J.: 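Before I ask anything, here is the structure I am working with.
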Amino acid sequence: MFLDEFEKYNLQYEKGVKKISYRSSYPKIVKEPFDLKLEKSHGNYDLFFNRKGLLLHSVHTEKNKNYKVIYGYNRKGILLTAMSLLSEKNELISLSEFEYDEKGRIERETVRSFYYSLGYDVTEERIHTYKDNKEEILMTSDDEDEDEHTLYLTYDSKQRVMEEKAIRGENELVYWNKNEYDKNDNLIKEISLGENGEPDGVYEFLPVNNRLATGYHYKSKDTNYLREYSFTFNDKGHWVNQVMLNDGEPRYFYDRIIEYY
């Protein structure tokens with residue numbers, strides 16, 4: 001687990017929450033008898049927080065395996081480790097470690113994954129370096145099938161990401177994006193660029209509502225679609241149901257069961 005995945009779980013947090021159960025599904029047509037039912041999708045988990053909002057551990061339910069992650073912090077509440085264990089046997093399947101510089105910025109992420117049945121383990125690293133308004137992330141792995149990647153980020157004076165470029169090996173472009181924001185710092189446009197720097201796709205984001213993204217309109221030479229997110233809220237103003245629609249057609253359903261202290 002890398003830090004961006006941990007941050008994704010933390011974005012689920014709402015004030016006063018003890019536990020959040022996140023479930024996803026998609027509509028599936030059954031031919032005999034003809035019917036429409038919801039099929040369980042991937043990425044289902046339970047998040048457990050303490051009274052101060054610190055994520056203590058998470059439980060993940062997938063088709064092939066169930067596992068839990070235990071998060072370890074220093075006395076300042078900064079994440080240092082994440083240990084993933086197979087739920088049934090508490091067998092270690094991965095160990096993540098995080099190091100920071102004197103300014104509190106992430107400096108090194110190390111993830112070691114264990115494949116006992118195959119008799120080997122894999123270590124992946126992300127090394128972050130900073131200079132002025134730029135960040136460079138070198139991503140390496142001792143897996144022979146994985147190539148070295150470098151991610152280049154450029155920030156503005158508000159620490160908003162203005163440009164993001166990923167390179168595989170020495171010069172193979174993986175992706176290249178430029179961002180635009182409104183006066184409230186909300187992302188309103190993401191432009192994907194080709195190797196020559198010319199736009200080849202544009203995400204135009206819909207207005208944020210109640211701090212939640214409501215969707216985007218994607219346009220390219222070959223594709224044009226509208227993706228929207230519709231929410232239902234509980235009496236505390238926290239979302240408990242979300243529907244993802246493509247051009248008005250429901251594609252995925254997300255539910256959150258929230259327990260409070």
Side-chain angles (χ1 to χ4, degrees), residues 1-14 17 19-20 22 24 42-50 52-60 62 65 67-86 92-115 121-143 146-156 158-168 174-177 179 185 187 190 211-213 256:
M1 187 199 77
F2 286 105
L3 196 59
D4 47 7
E5 186 175 4
F6 170 78
E7 291 172 345
K8 179 191 74 173
Y9 298 144
N10 268 284
L11 287 174
Q12 293 282 332
Y13 179 72
E14 308 282 5
V17 160
K19 176 185 176 183
I20 295 178
Y22 183 92
S24 60
H42 59 83
N44 300 298
Y45 49 81
D46 298 324
L47 307 175
F48 298 83
F49 299 88
N50 67 9
K52 294 182 179 181
L54 209 63
L55 178 59
L56 301 179
H57 70 278
S58 56
V59 176
H60 304 257
E62 301 292 352
K65 64 180 179 181
Y67 65 98
K68 57 188 173 185
V69 184
I70 300 172
Y71 305 93
Y73 304 85
N74 64 14
R75 290 185 176 181
K76 294 182 179 180
I78 297 174
L79 182 71
L80 296 181
T81 61
M83 183 169 57
S84 300
L85 305 162
L86 278 179
L92 184 65
I93 54 177
S94 72
L95 178 63
S96 304
E97 297 177 290
F98 308 96
E99 300 174 25
Y100 304 83
D101 65 14
E102 67 280 357
K103 294 183 178 181
R105 301 173 299 189
I106 185 66
E107 193 171 50
R108 181 188 297 267
E109 304 171 77
T110 304
V111 179
R112 188 178 179 189
S113 302
F114 303 93
Y115 302 94
D121 56 76
V122 172
T123 299
E124 300 173 88
E125 280 195 329
R126 292 184 181 181
I127 309 298
H128 299 247
T129 55
Y130 305 87
K131 185 177 181 181
D132 299 327
N133 65 332
K134 297 184 182 297
E135 178 183 2
E136 183 176 313
I137 307 172
L138 175 63
M139 296 175 278
T140 63
S141 172
D142 58 12
D143 186 340
E146 294 292 332
D147 295 325
E148 184 177 286
H149 287 64
T150 305
L151 181 60
Y152 300 92
L153 300 169
T154 303
Y155 299 87
D156 66 3
K158 293 184 176 181
Q159 289 302 297
R160 302 178 301 189
V161 177
M162 303 304 296
E163 184 174 343
E164 184 175 354
K165 181 186 286 189
I167 302 293
R168 178 186 292 113
V174 180
Y175 65 84
W176 184 7
N177 298 327
N179 299 326
D185 299 333
L187 181 63
E190 179 182 296
R211 298 182 293 109
L212 295 170
R256 292 200 310 177

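Hydrogens, waters and symmetry mates are skipped; everything else that's a heavy atom, side chains included, is used. Source: prediction; values computed, not measured.
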J.: Quick check: does any side chain N or O of D143 sit under 3.5 Å from a backbone N or O of V122, one acting as donor and the other as acceptor?
T.: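 Answer holds: no.
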
J.: With rounding to the nearest 0.5 Å, note down the distance linking CG in N179 to CG in L187.
T.: 5.0 Å

J.: Ring-plane angle category for F6 and Y71, please: parallel below 30°, perpendicular beyond 60°, tilted otherwise.
T.: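 If you compare the ring of F6 with that of Y71, the planes turn out tilted.
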
J.: In a check of side-chain hydrogen bond (donor to acceptor under 3.5 Å, both in side chains) between H128 and each of E99, E109, E136, which one passes?
T.: E109

J.: Any side-chain heavy-atom pair from F2 and M139 closer than 4.5 angstrom?
T.: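 In short, these two side chains do not touch, never coming nearer than 4.5 Å.
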
J.: Taking the side chain from S96 and the backbone from V111, do they hold a donor-acceptor pair closer than 3.5 Å?
T.: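 Judged by distance alone, no pair lies under 3.5 Å.
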
J.: Can you find a pair of side-chain heavy atoms, one from R126 and one from D4, that are under 4.5 Å apart?
T.: yes

J.: Hey, could you give me the CG/CG distance between L56 and N50, rounded to the nearest 0.5 Å?
T.: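 Going from CG on L56 over to CG on N50, the span is 4.5 Å.
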
J.: For residues D142 and D121, report the shortest heavy-atom separation together with the two atoms involved.
T.: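 Heavy atoms of D142 and D121 come nearest at OD1-O, 4.4 Å.
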
J.: Can you classify the ring geometry of H57 versus F48 as parallel (below 30°), tilted (30 to 60°) or perpendicular (above 60°)?
T.: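 Judged by the thresholds at 30° and 60°, the geometry between H57 and F48 is parallel.
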
J.: Test I137 against every option in L153, T150, I127 by the side-chain contact (heavy atoms from CB on, under 4.5 Å) rule and name the one that passes.
T.: L153

J.: Contact between D101 and Y130 at the side-chain level, heavy atoms closer than 4.5 Å - yes or no?
T.: yes

J.: If every non-hydrogen atom of F98 is compared with every non-hydrogen atom of L3, which pair is closest and at what distance?
T.: CE2-N, 3.7 Å

J.: Compare all side-chain heavy atoms of F49 with those of I20 and state whether any distance is below 4.5 angstrom.
T.: yes

J.: Roughly how far, to the nearest 0.5 Å, is the CE atom of M162 from the OG1 atom of T154?
T.: 9.5 Å

J.: How about Y73 and L79: do any of their side-chain heavy atoms sit closer than 4.5 Å?
T.: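 Yes, side chains in contact.
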
J.: For atom NZ of K131, is the number of surrounding heavy atoms from other residues, nucleotides or ligands below 6.0 Å larger than 12?
T.: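 Count not over threshold, so no.
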
J.: Let me confirm one number: the OG-CD distance from S58 to Q12, rounded to the nearest 0.5 Å.
T.: 11.5 Å

J.: If I compare all heavy atoms of G77 with all of L54, which pair ends up nearest, and what's the gap?
T.: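 Scanning both residues completely, I find the closest heavy atoms to be O-CD1, 4.0 Å.
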
J.: As a quick check of understanding, evaluate ring-ring contact (aromatic ring centres under 6.0 Å, His included) for H60 and Y9, giving each step before the final call.
T.: CA-CA 12 Å; H60 304 257; Y9 298 144; 5.5 Å; yes

J.: Who passes salt bridge (Lys or Arg N to Asp or Glu O under 4.0 Å) against R211, sequence neighbours left out?
T.: E14

J.: Please round to the nearest 0.5 Å and tell me the distance separating atom OH of Y22 and atom CG of L47.
T.: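 Going from OH on Y22 over to CG on L47, the span is 10.5 Å.
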
J.: Quick check on side-chain hydrogen bond (donor to acceptor under 3.5 Å, both in side chains): which of E163, E135, R160 does Y155 satisfy it with?
T.: E135

